[in-house]
Trainee: 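Here it is, the structure, as structure tokens.
Computed from heavy atoms alone, side chains included, the values below leave out hydrogens, waters and symmetry copies.
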Amino acid sequence: MKFTHTLVAAALLAGVGAASAATTWTDWTSSTATSATGTLGATTVRFSGPVYFAQTGGGTDFWTIGTPDPYSVTGRPTGTDLIAIVGGQGTSFTLSFSQAVVDPYFAGLSLGQPGGYFVSYDFDAAPTLISSGQGYWGGCATCLTVSGNSMIGEEGHGVVQFKGSFTSISWTVPVGETWHGFQVGVNAVPEPETYALMLAGLGAVGFMARRRKV
């Protein structure tokens, strides 16, 4: 019976782990020529910098998946929301969060072009490459890379992650290109009822163990 109790507890914990692994992406709600605003769960997200265009609901679904899947770890950004930028000419960009976000994901779309036209996002923090693959305009498993604080694309589609707690992320794009897009997301926090289920299950496991000892 002890083995059975252990399996039950492990299954409950695994269920919570699976729930926490789901990615929530920003719901962009408004934009201007130099800014955009959205929500990421209970967090307000603000983008500042030149906006080529923004999709805040509707529009073309550019987050398509090829082989290999560029969003294999996080899942593809939901809906069609994205911010499209051009870069070049010393432009800089900033994402600000109304409260600190932990280990945020940054999904890039069509960064650079095939044939050696590399475009980089030079961040103020070091990203970790999570996945790279084929998206709306092609790409490949190695078309999005990371070097130091830079995410570099040659028709790059994929996801990087910033480890730690952030209230803002800033970057420059030294080489201009019309255009490339991005989304930002975080791992979803388990709902309160998920925690309640886990605690109730673990309590039941403990009760059964105590009964067996009597």
Trainee: Less than 6.0 angstrom separating the ring centers of Phe166 and Phe97, yes or no?
Mentor: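 Aromatic pair excluded; centres sit 6.0 Å or further apart.
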
Trainee: Please identify each residue that fulfils side chain to side chain contact (heavy atoms under 4.5 Å, CB included) with Pro68, with sequence neighbours left out.
Mentor: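 In terms of side chain to side chain contact (heavy atoms under 4.5 Å, CB included), with neighbours along the sequence ignored, Pro68 is linked to Ala141.
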
Trainee: With a 4.5 Å cut-off on side-chain heavy atoms, are Thr128 and Val146 touching?
Mentor: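 With C-beta onward as the side chain, the pair stays apart.
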
Trainee: Can any side-chain N or O of Thr80 pair as donor or acceptor with the backbone N or O of Thr60 at less than 3.5 Å?
Mentor: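 Pair absent, no side-chain N/O of Thr80 close to backbone of Thr60.
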
Trainee: For Asp81, check side chain to side chain contact (heavy atoms under 4.5 Å, CB included) against everything at least two apart and list the hits.
Mentor: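 Side chain to side chain contact (heavy atoms under 4.5 Å, CB included) list for Asp81, sorted by chain: Asp27, Trp28, Gln183.
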
Trainee: Of Leu109, Ile83, Ile85, which meets side chain to side chain contact (heavy atoms under 4.5 Å, CB included) against His180?
Mentor: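 Answer after filtering Leu109, Ile83, Ile85: Ile85.
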
Trainee: Distance check, rounded to the nearest 0.5 Å: Thr23 atom OG1 versus Asn187 atom CG?
Mentor: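 It comes to 5.0 Å.
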
Trainee: For residues 50-113, pull every pair meeting disulfide (SG to SG under 2.5 Å), keeping only residues two or more places apart or in separate chains.
Mentor: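 Not a single pair qualifies under disulfide (SG to SG under 2.5 Å).
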
Trainee: Treat each ILVMFWY residue as a node, draw an edge where side-chain heavy atoms are under 4.5 Å apart, and state whether Met151 and Tyr117 are in one component.
Mentor: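 Same cluster.
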
Trainee: I'd like to know if the side chain of Glu154 and the backbone of Cys143 have a donor-acceptor N/O pair within less than 3.5 Å.
Mentor: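 Not at all, since once roles are kept as given, no pair shorter than 3.5 Å links the two residues.
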
Trainee: Does anything in residues 126-154 pair up under ring-ring contact (aromatic ring centres under 6.0 Å, His included), and if so which pairs, sequence neighbours excluded?
Mentor: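 As it turns out, the ring-ring contact (aromatic ring centres under 6.0 Å, His included) pairs with a partner in residues 126-154, which skip direct neighbours, are Phe62-Tyr136, Phe62-Trp137, Trp137-Trp179.
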
Trainee: What about Ile130 and Leu111, same hydrophobic cluster or not, with Ile/Leu/Val/Met/Phe/Trp/Tyr joined at side-chain heavy-atom distances under 4.5 Å?
Mentor: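 Ile130 and Leu111: separate clusters.
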
Trainee: Who are the ring pair (Phe, Tyr, Trp, His ring centres under 6.0 Å) partners of Trp63, not counting sequence neighbours?
Mentor: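 Counting only residues at least two positions away or on another chain, Trp63 forms a ring pair (Phe, Tyr, Trp, His ring centres under 6.0 Å) with Tyr71.
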
Trainee: Are the side chains of Thr44 and Thr37 in touch, meaning some heavy atoms are under 4.5 Å apart?
Mentor: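 Yes, at least one pair of side-chain atoms sits under 4.5 Å.
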
Trainee: So does Thr94 get a backbone contact from the side chain of Ser170, meaning a donor-acceptor N/O pair under 3.5 Å?
Mentor: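 The answer is no, because no donor-acceptor pair under 3.5 Å joins these two groups.
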
Trainee: Ring centres under 6.0 Å, that's the criterion: do Phe123 and Phe162 meet it?
Mentor: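 Distance test on ring centres: under 6.0 Å, yes.
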
Trainee: Report yes if some heavy atom in the side chain of Ile152 is under 4.5 Å from a heavy atom in the side chain of Ser147; otherwise report no.
Mentor: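 Yes, close enough: below the 4.5 Å cut-off.
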
Trainee: If hydrophobic clusters are built by linking Ile, Leu, Val, Met, Phe, Trp and Tyr wherever their side-chain heavy atoms come under 4.5 Å apart, do Val102 and Ile169 end up in the same one?
Mentor: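 As far as the 4.5 Å side-chain criterion goes, Ile169 and Val102 are not connected within one cluster.
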
Trainee: Give, for atom CG of Asp124 and atom OG of Ser168, the distance between the pair rounded to the nearest 0.5 Å.
Mentor: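 Answer rounded to 0.5 Å: 6.0 Å.
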
Trainee: Do the non-hydrogen side-chain atoms of Ser131 and Pro70 ever get within less than 4.5 Å of each other?
Mentor: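 Sidechains of Pro70 and Ser131: no contact.
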
Trainee: Taking atom OG of Ser31 and atom CZ of Phe53, what is their separation to the nearest 0.5 Å?
Mentor: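 Nearest 0.5 Å value for the OG-CZ distance: 10.5 Å.
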
Trainee: Within the structure provided, determine whether Leu82 and Phe182 are in side-chain contact (heavy-atom separation under 4.5 Å).
Mentor: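 Counting from C-beta outward, Leu82 and Phe182 never come under 4.5 Å.
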
Trainee: Hydrophobic clusters here meaning ILVMFWY residues chained together by side-chain heavy-atom distances under 4.5 Å, can you tell me if Tyr52 and Val119 are in one?
Mentor: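 No, separate clusters.
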
Trainee: State, yes or no, whether a side-chain contact exists between Thr172 and Phe93 at a heavy-atom distance under 4.5 Å.
Mentor: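 A side-chain contact under 4.5 Å is absent here.
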
Trainee: Can you list the residues that meet the salt bridge (charged side-chain N to carboxylate O under 4.0 Å, His left out) rule with Asp61, with sequence neighbours excluded?
Mentor: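 Asp61: salt bridge (charged side-chain N to carboxylate O under 4.0 Å, His left out) contacts with Arg76.
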
Trainee: Looking at Gly112, is its backbone amide N or carbonyl O close enough to the side chain of Glu177 to form a donor-acceptor pair, meaning the two atoms are under 3.5 Å apart?
Mentor: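 Yes; at least one donor-acceptor contact below 3.5 Å.
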
Trainee: Are Phe106 and Leu144 connected into the same hydrophobic cluster when the rule is that any two of I, L, V, M, F, W, Y join if their side-chain heavy atoms are below 4.5 Å apart?
Mentor: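 Yes, Leu144 connects to Phe106 through the hydrophobic network.
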
Trainee: Just by distance, with hydrogens left out, do Glu155 and Ser110 show a side-chain donor and acceptor under 3.5 Å apart?
Mentor: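 Side-chain D/A pair, Glu155 to Ser110: present.
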
Trainee: Is there a donor-acceptor pair under 3.5 Å between the side chain of Thr26 and the backbone N or O of Val184?
Mentor: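 Answer holds: yes.
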
Trainee: Walk me through it: do Thr56 and Thr29 pass the test side-chain contact (heavy atoms from CB on, under 4.5 Å)?
Mentor: CA-CA 5 Å; Thr56 59; Thr29 54; 5.7 Å; no

Trainee: Please examine the side chains of Thr43 and Val101, heavy atoms only from C-beta on, and report whether any two atoms are closer than 4.5 Å.
Mentor: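 Contact flag for Val101/Thr43 side chains = yes.
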
Trainee: So which heavy atom on Val186 is nearest to which on Pro104, and how close?
Mentor: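 Heavy atoms only, the tightest pair is CG1-CA, 4.1 Å.
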
Trainee: Does some side-chain heavy atom of Thr34 sit less than 4.5 Å from a side-chain heavy atom of Val51?
Mentor: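 The answer is no; the side chains never approach within 4.5 Å.
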
Trainee: Nearest 0.5 angstrom please: His157 NE2 to Ser132 OG, how far?
Mentor: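 Reported value, rounded in 0.5 Å steps: 9.0 Å.
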
